[in-house]
Amino acid sequence: MKYLPVNEQLKLIELGVEEILPKGELQHKLERSLETNKPINVKLGCDPSRPDLHLGHAVVLRKLRQFQDLGHQAILVIGDFTAIIGDPSGRNKTRPQLSLKEAKSNAKSYVDQSKVILDINKLKIVYNSEWLNVMNFSDVVKLASRYTVARMLERDDFTNRYKAEIPISIHEFLYPLAQGMDSVELKADVELGGTDQKFNLLVGRDLQKEYGQDPQVILTLPLLEGTDGVEKMSKSYGNHISLLDSPDDMYGKTLSLSDEMIEKYFILAVGADEATMDDIRSQLSDSSVNPRDIKRRLARELVAVYHSKEKALEAERNFDRIFVQKAIPDKMEEYTLLEEKQLLEILLEAGLIKSKGEGRRLVKQKAVIIDGETCTDELFQIVPGDKEIVLKVGKRRFLKVLG
RNA sequence: GGGGAGAUGGCCGAGCGGUCAAUGGCAGCAGACUGUAAAUCUGCCGGCGAACGCCUACGGAGGUUCGAAUCCUUCUCUCCCCA
């Protein structure tokens, strides 16, 4: 493997990064790697407590990919064991604990999805239950003795919860230690994570020192806010753009972002280079350019990254048809009607509404459209006929009813 | 071990025997305006039912009462103070 000169590697690595601690050490490690012609170990832990990945995860995954492209060894640690503890980071509550089985099955789909970003052939995938699940109580005691309560309480989230009199369970203190053991086990040179992971990453560093290892360099990446532009992207906040989202959804959700997020998304989600960013920034500050058009470009590029260029253009055409010309999409869910049925019944079965109560409300609010006509009758019946009927609920829920 | 406080809808938080499917805020949804932006305004916001209404719900289980989120018993959980 031929490596780039250290300063060039550093320049790339630093892109879009929040913090590198300590930076000098990273340079050191890279220099040594160059001299010995050996890759450095770059670790990224993932929490398989949710089965699907979104753009927030993509930020760190892309950084890991970058290390792969630079010729280094990327290690994806599936935190199947740590998921049964539940990461307390950034939470004001104890996390639900998963069973090892649930974690494993989530992990599977996680790895599948990460193929979009990572070079799976060069990726080392490990499960931390391999070493954590075999530790016995005395091993845990020994491990726990290497850290103090005061240091644990340095964490904001613990301090805040403690002050707010919100419970903190003892096992939550074990989370950073467990994650740190991963670094020891893997002899990680670098560990990546979101800024909310800083504490956990530093604990890994400390533990490596305790175990006589060369401590890892920690590299944190900014957290990407979700479509609401406020909270960090998370499925539980419902503000995420999933890597599995269809091109249409991905495009649409991107356009619903607030303008302030455009720049950040270009850097973190698209991975735009400096030249592109200069261009984006100058357009954003130019009052004659409508931010919407820059956002459209963002949406196109985003879809192109996770799907393809063609899909991106198609998504844009669909979007324009639906939201600009207010027409109907050319592809939509279909429903085959066998007998006369109530409209609400159909919508419920097709999943366009959550309950009939919701459906009634929507009809009252003039949000249900049948073939372009606003429906005002909650009890409307649909009879199977020769021609298809298009049902629309709200702005974006469509259903084609076939007779 | 002792003493005190508390557990309410997705979240925060009122209510403290009927008028409570439960004030208010946030989030969400729909409509208007737009660029599926922001801001703003309006409406909705447990389920079933065309509707009178019925069912489920104020940590769990019992009980008192014509009637309980509200009172009692007990269990579970949390926080605080003392040892």
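Residue numbering restarts at 1 for every chain, and letters A, B, ... go by the order of the sequence lines.
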Phosphate contact ([N] OP1 or OP2) by [X] side-chain N/O below 4.0 Å:
{"X": "A/Ser355", "N": "B/rG46", "result": "no"}
{"X": "A/Arg360", "N": "B/rC44", "result": "no"}
{"X": "A/Arg361", "N": "B/rG47", "result": "yes"}

Subject >> Of residues 294-322 of chain A, the positions that come close to RNA chain B - non-hydrogen atoms, cut-off under 4.0 Å >> reply: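 Residues of residues 294-322 of chain A that come under 4.0 Å of RNA chain B are, in numerical order, A/Lys295, A/Phe319.
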Roughly how far apart, to the nearest Å, are [N] and [M] at atom [atom1]?
{"N": "B/rU73", "M": "B/rG15", "atom1": "P", "result": "22 Å"}
{"N": "B/rA21", "M": "B/rA5", "atom1": "C1'", "result": "29 Å"}
{"N": "B/rC11", "M": "B/rC16", "atom1": "P", "result": "23 Å"}

**OP:** Output the distance between atom CD1 (A/Ile125) and atom OH (A/Tyr110), rounded to the nearest 0.5 Å.
**Re:** 11.5 Å
Original post:
Is there a donor-acceptor pair under 3.5 Å between the side chain of A/Asn239 and the backbone N or O of A/Asp228?
Top reply: no
**OP:** Look at the side chain of A/Gln208 and the backbone N and O of A/Ser183, then say whether any donor-acceptor pair between them is shorter than 3.5 Å.
**Re:**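 Yes, the answer is positive, given that a donor and an acceptor are paired below the 3.5 Å cut-off.
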Nearest to side-chain heavy atoms of [X], which nucleotide of [options]:
{"X": "A/Asn290", "options": "B/rG35, B/rG47, B/rA50", "answer": "B/rG35"}
{"X": "A/Ser256", "options": "B/rU36, B/rA50, B/rG35", "answer": "B/rU36"}
{"X": "A/Phe323", "options": "B/rA37, B/rU36, B/rC45", "answer": "B/rU36"}

Subject >> Nucleotide-resolved protein contact map, nucleotides 21-33 of chain B, B/S/- at heavy-atom distance under 4.0 Å >> reply: --------SSS--
**OP:** Toss me the dot-bracket line for RNA chain B: Watson-Crick and G-U wobble, both under 3.5 Å, 5' to 3', using | for pairs to another strand and [ ] for crossers.
**Re:** ((((((((.[[[..)..(.....]]].(((((.......))))).(((....)))...[[[[[..)....]]]]]))))))).
Original post:
Mind checking what makes ring-ring contact (aromatic ring centres under 6.0 Å, His included) contact with A/Phe67, not counting sequence neighbours?
Top reply: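 Scan of A/Phe67 (ring-ring contact (aromatic ring centres under 6.0 Å, His included), adjacent residues dropped) gives none.
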Original post:
Atom NZ of A/Lys356 and atom P of B/rG46: how far apart are they, to the nearest Å?
Top reply: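 From A/Lys356 NZ to B/rG46 P: 18 Å.
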Subject >> Residue A/Lys311 excluded, over 12 heavy atoms near NZ under 6.0 Å >> reply: no
Subject >> Other residues, nucleotides, ligands: >12 heavy atoms within 6.0 Å of A/Ile170 CD1 >> reply: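 Open.
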Distances for protein N/O vs nucleotides 77-81 of chain B N/O pairs under 3.5 angstrom?
from   : atom 1 : to       : atom 2 : distance (Å)
B/rC79 : O2'    : A/Glu165 : OE1    : 2.7

Original post:
Do the side chain of A/Asp293 and the base of B/rG35 come within less than 3.5 angstrom through a donor-acceptor pair of N or O atoms?
Top reply: no
Original post:
How would you label the contact of A/Gly252 with the nucleic acid (heavy atoms, under 4.0 Å): base, sugar-phosphate, or nothing?
Top reply: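 If one applies the 4.0 Å heavy-atom cut-off, A/Gly252 turns out to touch a base.
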Original post:
Who are the side-chain hydrogen bond (donor to acceptor under 3.5 Å, both in side chains) partners of A/Ser129, not counting sequence neighbours?
Top reply: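 Checked A/Ser129 against side-chain hydrogen bond (donor to acceptor under 3.5 Å, both in side chains); matches are A/Asp80.
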